2 protein chains.
Amino acid sequence: MAKSIQSLQRAAAVLRLLAGGERRLGLSDIASSLGLAKGTAHGILRTLQAEGFVEQDPVSGRYQLGAELLRLGNSYLDVHELRSRALVWTDDLARSSGESVHLGVLHLEGVLIVHHVFRPDDSRQVLEVGAMQPLHSTALGKVLAAYDPVARGEAVRGAREQLTARTVTDLEQFEAIVELTRSRGWATDVEETWEGVAAVAAPIHDRRRMPVGAIALTGAVERLCESGEVRPELITAVRECARSVSRDVGAGRF
Amino acid sequence: MAKSIQSLQRAAAVLRLLAGGERRLGLSDIASSLGLAKGTAHGILRTLQAEGFVEQDPVSGRYQLGAELLRLGNSYLDVHELRSRALVWTDDLARSSGESVHLGVLHLEGVLIVHHVFRPDDSRQVLEVGAMQPLHSTALGKVLAAYDPVARGEAVRGAREQLTARTVTDLEQFEAIVELTRSRGWATDVEETWEGVAAVAAPIHDRRRMPVGAIALTGAVERLCESGEVRPELITAVRECARSVSRDVGAGRF
DNA sequence: GTGCAGCGGTCGGCATTGTCGAACACTGAT
DNA sequence: ATCAGTGTTCGACAATGCCGACCGCTGCAC
């Protein structure tokens, strides 16, 4: 691959920096964090601001991400083929199981949630579309690591953070889980990422049997599990749903 | 304002073009649409792809928006101060009224939805966060046009598309509505944007009384309205909610 | 099978373009 | 009043990204 455009690389780094920092960032912080001259960083920010990718607080002068990113992110979802094909199936799964359903794809060093069906009751729930989940501890992540060599590489290479008491961080144990997942075709997460939360996931393949994403059923551990294991009928339902989406994706690819 | 960085402007134009076109676009289409040489467009796309802002279908070679945009758009929501302060109030409003609630801000020539609370029942609903609404026909848009001079300018200048039989497109009538909205402090949309859908909206101000957004209650016209008018208790509830958020925003700004 | 027309991708010369660092106006705290 | 910060502007320099011709490939048509 030939060389990238320098100013674009830097602009992308600025956006990622702003996305990482919780609070608004000042120009000097940004410039020094990226090793740029203040004037250079200012030029990039000025342009990003004019395009709506970045906003500036008029009183403090600090910068934060802009609204245009939200609009473009939404457009991304509109075009997302896997997501559109999964809509009805995931909806059915949430309805029949009474739990929330997530659709995730591999992105960078984690799982990006591209669709989220709320649990069908009146409880308060926050939408997680656009959020990232770790590869090593979540059901979605394990499934992707089991079928996608790139995901597996990231999970093995990356830091497997200890999120709860039950998180598996040891490399050998993790690889055994990946192996088990590939052989049986599904993965679970029983309080390995969040206390009290369990999940089951199954992979989605395209017609060349390449993994393109995963579907997960997530809910309170006391509802999903029986004596420490996820209830078999839920596992079946998730796998069934993932197979349906796979068929749908494969069929439409001509 | 000094000059913008050319390559960034062009990259932003590429992203917007990809966001606009429903389908994936080819390199030549992009280059000719923006009046660029193919080599130039390719350099920009190559960099955007490396950064994750654009993805390329390996078989057709066509380009579409990338996952990084979704992630960044989500980060934008995390930092959004107005949204975070409005969360609890809008939730209460949806709960007490039994209808869905939207929080919108002015962006470009329309209203950008930054928060959406689903109607609290089991019906299928699509999340509209990140979507745009027109200024001239929606309740949110009218409120923003009434209080924000920039929004008003956009609404007056822009094309006021006829969306339903009841949409007001005439400039004079529209300005009368804006005037009425400002004097009474709220706006409605009874089947002016979508058939069968009605809405009420009220403005959110910061402590300098500058408009920063608007809150709307949206639902089926037969539930929200009585003899062609939105029910008074709903109008009161929306205004109350908007005032609460305004107080919250104003109080936290020190 | 063979031609052609379209695609995406590459390369190198030219000059436009973005970079850099110093100087600027301004704010707020010392 | 001073000072240490901030975000911003500016101009000179050369590195940078732009352009247009060229390449290899695919797929359609004949």
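Since the structure is predicted, the reported quantities are computational estimates derived from the model, not experimental observations. Below, chain A is the first sequence line, B the second, and so on; all start at residue 1. What you see below is based on every heavy atom in this structure, not just the backbone, and it leaves out hydrogens, waters and symmetry mates.
- Here D/dT16 presents its C1' atom at 11 Å from CD of B/Gln6, a figure rounded to the nearest Å.
- Between A/Tyr63 and D/dT8 there is a side-chain polar atom (N or O) within less than 4.0 angstrom of OP1 or OP2.
- Between B/His205 and B/Tyr147, the two ring planes are perpendicular [angle over 60°; tilted spans 30° to 60°].
- Put simply, the side chain of B/His116 gets close to the backbone of B/Glu128: a donor and an acceptor are under 3.5 Å apart.
- Note on B/Arg10: only backbone sugar-phosphate atoms sit closer than 4.0 angstrom, heavy atoms only; bases stay farther off.
- Here B/Ser7 does not reach the OP1 or OP2 of D/dG17: none of its side-chain N or O atoms lies under 4.0 Å away.
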Check against salt bridge (Lys or Arg N to Asp or Glu O under 4.0 Å), B/Glu51 and A/Arg16: CA-CA 10 Å; B/Glu51 303 293 337; A/Arg16 266 193 288 273; 2.4 Å; yes
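- Residue contacts for A/Gly26: at a heavy-atom cut-off of 4.0 Å it reaches the sugar-phosphate backbone alone, with no base atom in range.
- For B/Arg46 and C/dC11, the CZ to C1' distance is 10 Å, given to the nearest whole Å.
- C/dC26 atom P lies 18 Å from atom CG of A/Leu27, rounded to whole Å.
- Atom CZ in B/Arg24 sits about 18 Å away from atom P in C/dC7, given to the nearest Å.
- Nearest heavy-atom pair, B/Ser84 versus B/Glu81, reported as atom, atom and distance to 0.1 Å: OG-O, 2.8 Å.
- Rounded to whole Å, the distance from CG on B/Asp29 to C1' on C/dC7 is 10 Å.
- At the phosphate of C/dG9, OP1 or OP2 sits under 4.0 Å from a side-chain N or O atom of B/His42.
- Using a 4.0 Å cut-off, some side-chain N or O of B/Ser28 falls inside it from OP1 or OP2 of C/dG8.
- Toward the 5′ end of DNA chain D lies the nearest nucleotide of A/Gly43, the other residue of the pair A/Gly43 and A/Leu8 mapping further downstream.
- The CG-P distance, from A/Leu45 to C/dG18, rounds to 15 Å in whole Å.
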Going through the checks in order, is the side-chain contact (heavy atoms from CB on, under 4.5 Å) test met by B/Leu82 and B/Val245? CA-CA 8 Å; B/Leu82 172 59; B/Val245 176; 4.0 Å; yes
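- Atom-to-atom, CD1 of A/Ile5 to P of D/dA15 comes out at 19 Å; the value is rounded to the nearest Å.
- A/Gly61 comes within contact range of the sugar-phosphate backbone alone, with a heavy-atom separation under 4.0 Å but no base atom that close.
- Atom NZ in A/Lys38 sits roughly 19 Å away from atom C1' in C/dG18 (whole-Å rounding).
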